[in-house]
Amino acid sequence: MLVIDEHSEVDGRRVFDQDNKGWKAVCNALKGRAVPDDDQYTLAVSLLSTPSPENVCHTTLMDLRDASDFFALHSGDYVSGSIYG
């Protein structure tokens, strides 16, 4: 799974806006290297926007089986600071 999380202020949302499709460059860069090329069922993509005064973009590539832990950690559902303990 590829997670692209744009951190920005509301007025600064431009990096990986779903409307401009610029985020596809990341997927295309990974094809053939990290995931098989020309296989629409191999790579799941999640586009996130996080309000932040800092304009940065975080990209994360993980095994799909780790996605539930990733999203639980990022939503604050984990009590401890570690996914695994």
Side-chain angles (χ1 to χ4, degrees):
M1 171 174 245
L2 173 65
V3 178
I4 300 175
D5 186 5
E6 178 187 21
H7 292 236
S8 65
E9 295 175 337
V10 174
D11 293 338
R13 295 177 296 178
R14 292 184 186 87
V15 179
F16 285 108
D17 182 0
Q18 296 180 34
D19 294 338
N20 68 21
K21 308 291 189 239
W23 57 269
K24 287 189 175 187
V26 177
C27 301
N28 288 334
L30 293 170
K31 285 183 177 180
R33 292 176 181 89
V35 296
D37 198 1
D38 297 328
D39 181 358
Q40 67 185 10
Y41 300 106
T42 300
L43 182 63
V45 178
S46 179
L47 302 174
L48 307 176
S49 295
T50 302
S52 171
E54 187 178 22
N55 292 323
V56 296
C57 189
H58 299 277
T59 57
T60 304
L61 183 65
M62 72 188 87
D63 193 297
L64 189 56
R65 67 177 171 236
D66 296 327
S68 61
D69 286 334
F70 176 88
F71 287 110
L73 178 65
H74 280 63
S75 70
D77 288 347
Y78 275 88
V79 177
S80 71
S82 172
I83 294 176
Y84 301 106

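In this chain, numbering begins with 1 at the start of the sequence shown. Computed from a predicted structure; not experimentally measured. Reckoned from all heavy atoms, side chains included, excluding hydrogens, waters and symmetry mates.
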* Asked: When rounded to the nearest 0.5 angstrom, what is the spacing between OG in Ser52 and NE2 in His58?
  -> 7.5 Å

* **Inter-residue atom distance Thr60.OG1 - Met1.CE, 0.5 Å rounding** => 10.5 Å

* How would you list, by chain and number, every residue that makes a side chain to side chain donor-acceptor pair (under 3.5 Å) with Thr50, sequence neighbours excluded? -> Asp5

* Structure fact -> CG (Leu61) and CD1 (Ile4) are apart, to the nearest 0.5 Å, by 10.5 Å

* **Nearest non-hydrogen partners of Asn55 and Glu9, listed with the distance** => OD1-N, 3.5 Å

